[in-house]
Amino acid sequence: MAKAIVMTSKDNVATALENINKGIDVELIDKKGNTLPSISVCESIPAGNKFALHDLKEGEPLVKYGVECGTITTNILQGHFVHVHNVKSDRIDIPAPIITEILDQMHYREGE
Amino acid sequence: MKFNGYIRPDGSVGIRNSLLIVGVDECCDGICRAIAKDHDNAIVITNFVTCMQAGNEELLHNIIGVGKNPNIAGVLVVAMGCGSINPEIVAKPIRETGKASLSMRVMDLGGTRKAIEHGRSLAQQLSEEAAKCERTTVPLSKLTVGVKCGGSDASSGLASNPVVGFAADKIIDNGGTVIGGEVIEFIGGEKYLLERCRNDEVRTKLDRIMKAEEKRWSIPGADVEIMSIGNSVGGLTTIEEKTLGALHKFGTHPVEGVLEADRNGIETPDKPGLYLGEVTHLCGASAINFAAMGAQCILWTSGGSGFNNAIVPVIRISGNAELFTEDQDIDARAIMRGEATSDEVGEQLFAKVIEVANGAETAVEGLGYAYCSIYQKDQRLEGCLGLLK
């Protein structure tokens with residue numbers, strides 16, 4: 001089963017440890033190597049990238065490593081890809097053309 | 001916990017027994033290298049920036065700090081003689097720690113050949129003195145380790161940085177000291193670092209150096225690259241996420257102090273624990289900053305890129321399966337497969353630190369060293385920005 005890691009129990013995202021295809025059940029592990037309840041991803045998630053552990057609302061913080069790492073800009077459903085298209089930094093934001101460039105380089109299409 | 005090191009006259013303890021040949025101006029670099037040629041343990045650092053003293057005090061403090069570093073057994077400082085940096089400016093404060101520290105001016109010695117010959121005899125004298133020093137068992141409170149990332153990628157925050165954080169905690173638990181730097185890369189993590197400060201005095205100082213560093217790198221028209229497209233393609237969404245992943249290498253202990261480097265001097269830790277210092281994020285020069293702050297080795301997390309330094313052994317840690325090579329000292333790839341934890345690999349790293357302190361060579365020790373580039377903040381720009389102290 002494909003694996004993803006949840007760095008702390010406060011986190012609302014998991015990070016893919018390998019490329020994960022859309023619709024696959026994902027084994028979640030924590031930092032100590034314990035297995036957590038699995039969930040399925042609704043979009044393909046490249047290794048090193050994140051998906052939502054539960055439904056996230058616009059305005060909520062992105063929580064990874066147990067700390068706030070930015071703000072969710074649009075509602076995200078469980079299992080969906082969480083990245084520059086639906087999260088902004090609270091410190092120094094990435095300019096819009098660069099966000100487009102990042103998603104193009106990743107060949108990202110919503111829902112795929 | 002103990003290790004076997006070389007005890008210096010000031011009570012500091014080296015994990016290597018090297019000679020330092022300092023060229024205080026660029027013109028004597030070749031002469032220094034000719035002097036160093038016959039000694040495997042001789043390291044040359046040259047000031048390529050200028051032969052003038054005014055405005056370069058921070059640079060000179062860095063060189064003096066390297067000379068005082070306990071990995072250095074003896075120092076020879078060479079000047080051409082026409083510049084304004086008297087070699088004794090460097091040699092004298094090092095000598096005052098009780099360490100053998102000599103100086104010479106090429107122009108006083110009747111030409112290049114005679115200067116090289118004279119320098120060789122001084123280096124031979126230092127080498128014979130260094131050879132008399134033998135390893136002695138000392139407590140881990142005598143060990144200071146720098147922690148640094150380079151060539152970060154998605155595996156850094158998940159694997160190699162938490163591994164270093166575990167080892168950093170364990171070094172401190174056993175009485176040792178850890179120094180972290182790269183102040184510009186604290187952006188987005190300021191709140192968490194300030195919360196970790198031991199007291200308000202430390203907190204105020206950290207806040208000041210973080211704001212000063214952001215000001216330095218925020219000049220209109222000269223953008224600072226703190227988040228690359230490659231970082232984001234690899235999975236990092238915000239600067240906060242990148243920074244928080246990087247801060248894992250500092251472990252979990254409180255920040256005991258903040259070490260400043262400026263024209264007035266270079267601060268060094270005064271008791272064990274975790275310190276944050278003005279160590280540049282540029283790898284080659286960071287080793288000089290770490291050495292000047294007293295670190296005897298560096299833990300360096302990377303995808304697969306290379307950085308090695310002759311003064312302070314560099315222990316490399318990587319969790320990147322695609323880029324991993326024999327250059328890495330610690331293999332964190334199993335963490336990325338979900339087959340090992342960062343604590344387990346962190347134990348291996350801690351054991352490696354003790355081995356290297358005892359004299360075991362790192363994976364690439366003696367090979368492919370980076371130049372010892374000496375970094376300083378531009379004093380004139382500091383003045384323009386109102387940051388001169």
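We name chains A, B, ... by the order of the sequence lines, and we start the count at 1 in each one.
- For the set B/Gly234, B/Gly235, B/Gly189, B/Pro162, the count of heavy-atom pairs under 4.5 angstrom toward chain A peaks at B/Gly235.
- With a 4.5 angstrom heavy-atom cutoff, B/Leu247 does not touch chain A via any of its atoms.
- A 4.5 Å side-chain heavy-atom check between B/Thr237 and A/Val82 finds every atom pair outside the cut-off.
- The contact between A/Ile5 and chain B is made entirely by side chain atoms (from C-beta outward), counting heavy-atom distances below 4.5 Å.
- Interface remark: A/Lys64 contributes side-chain atoms only to the contact with chain B (heavy atom separation under 4.5 Å).
- Counting heavy-atom neighbours within 6.0 Å of B/Glu195 CD, excluding the residue itself, gives a total above 12.
- B/Ile229 places a side-chain heavy atom less than 4.5 Å from the side chain of A/Gln105.
- Proximity to chain B is limited to the side chain of A/Ile98, based on heavy atoms less than 4.5 angstrom apart.
- At a 4.5 Å heavy-atom cutoff, the contact between A/Ala47 and chain B is made by backbone atoms alone.
- Per-residue heavy-atom pair counts under 4.5 Å with chain A were compared for B/Ile239, B/Val233, B/Thr243, and the maximum is reached by B/Val233.
- Proximity of A/Val84 to B/Thr238: side-chain heavy atoms (C-beta onward) are nowhere separated by under 4.5 Å.
- Looking at B/Glu240, its side chain does come within 3.5 Å of a backbone N or O of A/Asp90 through a donor-acceptor pair.
- In terms of modelled atom types and a separation under 3.5 Å, the side chain of B/His248 and the main chain of A/Tyr65 share no donor-acceptor contact.
- Ion pairing between a basic and an acidic side chain is recognised when a charged N comes within 4.0 Å of a carboxylate O; A/Lys50 and B/Glu241 show such pairing.
- Ranked by non-hydrogen atom pairs under 4.5 Å with chain B, the options A/Ile29, A/Ile45, A/Ile92, A/Asp30 are led by A/Ile92.
- Across A/Leu103, A/Ile99, A/Val67, A/Val87, the residue that shares the most heavy-atom pairs under 4.5 angstrom with chain B is A/Val67.
- Counting heavy-atom pairs closer than 4.5 Å to chain B, the top residue among A/Glu101, A/Glu68, A/Lys88, A/His85 is A/Glu68.
- Across all non-hydrogen atoms, the minimal contact from B/Leu158 to A/Met7 is CD2-SD, 3.6 Å.
- No more than 12 heavy atoms of other residues, nucleotides or ligands lie within 6.0 Å of CD in B/Glu201, so this atom counts as exposed by the packing criterion.
- Salt-bridge check for B/Glu214 with A/Arg91: passed, with a basic side-chain N closer than 4.0 Å to an acidic carboxylate O.
- Contacts with chain A were tallied for B/Ser155, B/Gly157, B/Ala321; B/Gly157 has the most, counting heavy-atom pairs under 4.5 Å.
- The most heavy-atom pairs under 4.5 Å with chain B, out of A/Glu18, A/Glu27, A/Lys31, come from A/Lys31.
- Looking at B/Glu190, only its side chain comes within 4.5 Å of chain A, counting heavy atoms on both sides.
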